[in-house]
Amino acid sequence: MIVTASSDFSAIKAMRYLSQYGYLPPSNPISSGIISEQTIHRAIAEFQAFAGIGVTGVLDNETMTFMSIPRCGVKDVIVPSLNSRSKR
Amino acid sequence: YALQGSRWRVKKLTYKISKYPRGLEKGAVDKEVAKAFSVWSIYTDLTFTSKKSGQVHIEIRFERGEHGDGDPFDGPGGTLAHAYFPVYGGDAHFDDSEHWTINSFRGTNLFQVAAHEFGHSLGLSHSDIKSALMAPFYRGYDPDFMLDNDDIQGIQALYGSKIENKDRTNIYQRTTNIPLLGEEDSQLCLDSKIDTIFNSAEGHTYVFKDEYYWKLSSDGVESGYPKLITSSWKGLQGNIDAAFTYKNGKTYFFKGSKYWRYINKNVDGDYPKDISEGFTGIPDNIDAAVVWTGNGKIYFYKGTKFWRFDPSQRPPVKSSYPKLISNWEGVPDNIDASLEYHGYTYFFKDKAYYRFNDKTFSVDVANPAFPRATGYWWFGC
């Protein structure tokens, strides 16, 4: 993970944050460590776009600042329901 | 704004504070919570009634750490609260480790956070508009708090506006004895027998019933409906017999001995006209009509018979018509409506529908079997 600024908010914390709020799949202790760099970039970019800050795909100072703001615990990105009755 | 996908089917909602915060007086919390609900009831017909015991729609709890839902709170800062969408019960939980405050620039403002959480309880997801209440980030106490236009649009997309609903009430009270929409299940769920269903040139599917219409989504009915047919298709009437959109992109509506032609929702000339004039060979008072894209021809249904109409031929209806619907295995007589949808032809009768397989010329054998309940499979009841 590319980190362009030093901060108490570590890259691991950022990963947890992105996972907690729906930008990355839920962390799984068995499969941990296999998320690709591209997926992480995409997740950071998605968060940046949602937060209305510069979309760089990189964990910069502004992004980390936003990640430290107190917030609602509901996920920003919601997986669509599997119960969709699209097969009429 | 973003809609999660579920909403309450009743407008009179109840709530209960099962567990109060440690740092605030109960009466003050009651007031702030009521004020937070009122943020949403100002712009809709929703009402929120506080109960002290018994079953309620929305349960409110102030909790610390793990509190039984598998989503533990994390102490001061971080996550302040979370709430469940209507489909998951609507409950709202607040982290009691936070320093909840009222009308103060210190701590975390209870009213603002509660109003946000109740937005989730009502079916709103997080908005990417920074100024919206439904944006996920806490932005500090705002003594002049006002709901953003984005939030208003979101909640009204789910539950309608006060004015729209008032108009609808008057219409219902004036013309019918049908129960008020939104009070209980949608009218389509109470009685899923329809007048007609058709695809528009833009690719939307509309259902007409009595004076009203609904736009379908992939798994039910879009929010914000029903609407009056005449409010969108000026000059058209209610209780339409049949409708279809032809390959020229024009939509035709049939009722009694008359028909209307529209381009999107704009009437395309001087209508209504006589069916006998524009659709020679087709009887009045038809049951249903559909364009079969397999051959581009229009099929009209009435009673036990159907007619095939080809505008490019003279006469447009061959002398071998009408034919018996019973030639098509499994399709009933006296259908209400017909539609081509995702490569299949569907026939609707009373509260059920049949999926016709154009390749076998029979109603599909499937599990669950046809006919199936229209309300469940088409309207999301």
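All chains are named by letter (A, B, ...) in the order of the sequence lines, taking the proteins before the strands, and each is independently numbered beginning at 1. Quick caveat, the model's predicted, so the values are computed rather than measured.
- Annotation: side chain of A:Val74 is not in contact with side chain of B:Tyr84 (no heavy-atom distance under 4.5 Å).
- Atom CG of residue B:Asp71 and atom NZ of residue A:Lys75 lie 7.0 Å apart, to the nearest 0.5 angstrom.
- Interface remark: B:Thr108 contributes no atoms to any contact with chain A (heavy atom separation under 4.5 Å).
- Identified under the side chain to side chain donor-acceptor pair (under 3.5 Å) test for residues 129-138 of chain B, with sequence neighbours left out: B:Ser131-B:Asp148.
- Dense packing is recorded around CD of B:Glu66, with more than 12 heavy atoms of other residues, nucleotides or ligands lying under 6.0 Å away.
- Side-chain contact check for A:Pro70 versus B:Phe137: every heavy-atom pair is 4.5 Å or farther apart.
- Looking at A:Phe66, both its backbone and its side chain come within 4.5 Å of chain B, counting heavy atoms on both sides.
- Looking at A:Cys72 and B:His120, their side chains come closer than 4.5 Å, going by heavy atoms from C-beta outward.
- Contact check for A:Phe50 versus B:His126: side-chain heavy atoms found under the 4.5 Å cut-off.
- The side-chain contact (heavy atoms from CB on, under 4.5 Å) test with A:Asp76 singles out one residue from B:Pro136, B:Ser125, B:Ser127, and that residue is B:Pro136.
- The shortest side-chain heavy-atom distance between A:Ile69 and B:Arg139 does not fall under the 4.5 Å cut-off.
- The CZ atom of A:Arg71 sits 7.0 Å away from the OG1 atom of B:Thr79 when rounded to the nearest 0.5 Å.
- With chain A as the partner, the residue from B:Gly77, B:Gly5, B:Gly78 showing the most heavy-atom pairs under 4.5 Å is B:Gly78.
- The list of salt bridge (Lys or Arg N to Asp or Glu O under 4.0 Å) pairs with a residue in residues 74-102 of chain B, not counting sequence neighbours, reads B:Arg22-B:Asp96.
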